[in-house]
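Reminder, nothing fancy here: chain letters follow the sequence lines and each chain counts from 1.
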2 protein chains.
Amino acid sequence: MEPNISFVAGLIGDATRASMLTALMGGKALTATELAIEAGITSQTASSHLSKLVDGQLLIVRKQGRHKYFQLKGSDVAQLLEMLLNITSKTTHSKTVTGPSDPRLRQARVCYDHLAGELSVALFNSLIKNEWIGDNGINDNEARLTVTGKAFFTELGVDFNILSTSKRPICKACLDWSERRSHLAGALGQWVLNDIFNKGWASKDLDSRAIHFTPAGLKLFAKKYDLPLLSTQGSQ
Amino acid sequence: MEPNISFVAGLIGDATRASMLTALMGGKALTATELAIEAGITSQTASSHLSKLVDGQLLIVRKQGRHKYFQLKGSDVAQLLEMLLNITSKTTHSKTVTGPSDPRLRQARVCYDHLAGELSVALFNSLIKNEWIGDNGINDNEARLTVTGKAFFTELGVDFNILSTSKRPICKACLDWSERRSHLAGALGQWVLNDIFNKGWASKDLDSRAIHFTPAGLKLFAKKYDLPLLSTQGSQ
DNA sequence: GCGCTGCTTCGATGAGCATCGAAGTATTAT
DNA sequence: ATAATACTTCGATGCTCATCGAAGCAGCGC
């Protein structure tokens, strides 16, 4: 007997729970009240749904006084949700012409723990162009750090001894549902995003997982990673 | 606005539809009647569910006379289902001790278009041990064909000019939900499975996606890929 | 100690949807 | 041409589950 995938899929298959899970793709822990507001339901309904998601092992919960903070259980859950976003957008795109309507999500957003969007795809392309990750011609859509790439990131401040202690891959290609091309995930993708925040080049949007680069931050980001100069943020 | 993942997840989240989708992970096209029997429902119910899966772009359908044949829409749908199997088995395994109860599925089975199970994990390990795929120490869980690996497979009869015309990766690691370790997917994984069938080493089970190796076939397979001698098939 | 906040539990309500018998359509074998 | 098979459509039935008002519990500020 094979595992019953309908149980996990059924947890995600409710619009309210899906909305909460997507909100958590921003990588931050959110409270039950915040998730209720995000999903547009009462706290009773939120409580019921969150119990199911925790019991179903898609979320973990931490208590802090009377607050309960919820997070995705791990990167495998995030990958599942990202794959669902990819397949869903592919489905939707066969009916519509353009990508996501929100240009802020399109330009830069958090994909669980790394950067996604136009800027991240541009970053990925620059890593290939500069041969910092391997363009080996045999394995498409896969990322492999080269020797010069390792030197480049070491110079930026990456400590590979620390990154290697994680079980997760250093480099990983993650298919961007908005751009349909790959961006950088894995431990290195996470480091890059943290570095962007630490340097103050960008900050998280308060009510979505969009990321806002400052004009100066965008310029420094483009220079640091050898990106072609990109337009500043879209309208709104 | 981000894509609404609950729609696709909801399609999979019904036990009947999930059963049909899992049956199609065997890689074969199945008729509506076969899928009805597989799921234990009437043909009216099957018809309704299959319409939803086709409209939702998880399945494609081909007519041949009065028969309709259904297949997964592509490898991305198969990957999504495999990831759901992985997460579901991880969830279940936190409650139980052992893996899948059916030893036949555990030893060898079809994972959409490639071999999965103990034999495929052993194959993957042998490819690493013999340095036919890269064990580069930086990227865990990723597969990269080496120069000697390409020579090995060319000698086996792989035509890499043909494999390279596909957009999909030549080599890909696929996490095996039953073994919790990686096996070989991608174009090369598909070639290996086809070769096994073409040589008559194994055949598909009629009513599940288990694969049955003949004793001679198992021996030849082990020899060809330098595997330690494995026990023959489990009971039943 | 009291009142407020965050969250949970209970019970009622109603919408959504899976199921199948009956009847129908298209295809194919005889 | 007729009968059988594969599949679809219609309509009835009943089950599941999301929702929230009310009430309750735990934590915390005053």
Side-chain angles (χ1 to χ4, degrees), chain A residues 4-24 28-73 84 206-207, chain B residues 4-24 28-73 88 206-207:
Chain A
N4 181 9
I5 59 173
S6 67
F7 175 70
V8 170
L11 286 174
I12 307 172
D14 173 82
T16 296
R17 290 193 293 270
S19 165
M20 294 179 172
L21 290 167
T22 303
L24 290 167
K28 272 156 93 167
L30 296 171
T31 65
T33 304
E34 288 166 339
L35 288 165
I37 293 169
E38 177 68 33
I41 53 174
T42 66
S43 58
Q44 305 92 294
T45 307
S47 182
S48 168
H49 284 304
L50 289 167
S51 286
K52 289 176 178 172
L53 291 170
V54 172
D55 289 345
Q57 302 194 31
L58 295 182
L59 296 186
I60 55 172
V61 58
R62 295 192 179 95
K63 292 181 75 171
Q64 194 171 46
R66 59 193 172 194
H67 292 282
K68 275 185 164 176
Y69 289 89
F70 295 86
Q71 285 183 283
L72 297 182
K73 192 170 170 70
L84 279 163
L206 289 177
D207 58 2
Chain B
N4 181 9
I5 60 173
S6 67
F7 175 71
V8 169
L11 287 174
I12 306 171
D14 174 81
T16 297
R17 291 194 291 272
S19 166
M20 293 179 172
L21 291 166
T22 303
L24 291 166
K28 267 157 95 167
L30 296 172
T31 64
T33 303
E34 288 166 338
L35 289 165
I37 294 170
E38 177 67 35
I41 52 173
T42 66
S43 57
Q44 306 91 292
T45 306
S47 182
S48 168
H49 284 303
L50 288 167
S51 287
K52 288 176 178 173
L53 291 170
V54 171
D55 288 345
Q57 304 194 29
L58 295 182
L59 298 186
I60 56 175
V61 57
R62 295 193 180 96
K63 291 182 74 171
Q64 193 171 46
R66 60 192 174 195
H67 290 282
K68 276 184 165 176
Y69 288 89
F70 295 86
Q71 285 184 282
L72 296 182
K73 194 171 170 68
T88 305
L206 288 176
D207 58 3

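Taking five base pairs at each end of the helix from C:dG1-D:dC30 to C:dT30-D:dA1 and finding the rotation axis that steps the C1' atoms of four pairs onto the next four gives two axes whose angle is 20°, to the nearest 10°.
Between B:Leu35 and B:Leu50 there is a side-chain heavy-atom pair separated by less than 4.5 Å. Counting only heavy atoms from C-beta outward, the side chains of B:Gln71 and B:Leu59 never approach each other to under 4.5 Å.
Atom NE2 in B:His49 sits roughly 13 Å away from atom C1' in C:dG16 (whole-Å rounding). The separation between B:Leu50 atom CG and C:dA18 atom C1' is 14 Å, rounded to whole Å.
Separation of atoms CG (A:Leu53) and CD1 (A:Ile60) is listed at 13.0 Å; rounding is to 0.5 Å.
A side-chain contact (heavy atoms from CB on, under 4.5 Å) with B:Phe70 holds for exactly one of B:Val54, B:Leu30, B:Leu58, B:Leu21; it is B:Val54.
Under the 3.5 Å distance criterion, the side-chain polar atoms of A:Arg17 are left unmatched by any main-chain donor or acceptor of A:Lys52.
Looking at residues two or more places apart in sequence or on another chain, you find no side-chain hydrogen bond (donor to acceptor under 3.5 Å, both in side chains) involving B:Thr22. In this structure, B:Ser51 has no side chain to side chain contact (heavy atoms under 4.5 Å, CB included) partners at least two apart in sequence or on a different chain. A:Thr42 is linked by a side-chain hydrogen bond (donor to acceptor under 3.5 Å, both in side chains) to A:Gln44, A:Thr45, counting only residues two or more places apart in sequence or in another chain. Qualifying side chain to side chain contact (heavy atoms under 4.5 Å, CB included) partners for A:Ala39, counting only residues two or more places apart in sequence or in other chains: A:Thr16, A:Ser19, A:Met20, A:Ile41. Residues passing the side-chain hydrogen bond (donor to acceptor under 3.5 Å, both in side chains) test with B:Thr33: none are found, sequence neighbours excluded. Here B:Tyr69 pairs with B:Ala29, B:Thr31, B:Gln64, B:His67 under the side chain to side chain contact (heavy atoms under 4.5 Å, CB included) rule; sequence neighbours left out. In this structure, the side chain to side chain contact (heavy atoms under 4.5 Å, CB included) partners of A:Ser6, at least two apart in sequence or on a different chain, are A:Asn4, B:Ala15, B:Ala18.
Contact between B:Ala32 and B:Ala46 at its shortest, heavy atoms only, is O-CB, 4.2 Å.
Within 4.0 Å (heavy atoms only), B:Ser51 reaches no atom of the nucleic acid at all. A:Thr16 comes within contact range of the sugar-phosphate backbone alone, with a heavy-atom separation under 4.0 Å but no base atom that close.
Residues from residues 36-48 of chain A with heavy atoms under 4.0 angstrom of DNA chain D, sorted by number: A:Ile41, A:Thr42, A:Gln44, A:Thr45. The stretch residues 62-70 of chain B touches DNA chain C through B:Gly65, B:Arg66, each having a heavy atom within less than 4.0 Å of the strand.
The nucleotide range of DNA chain D contacted by chain B, defined by atoms under 4.0 angstrom from heavy atoms of the protein and reported 5' to 3', is D:dA4 to D:dT9.
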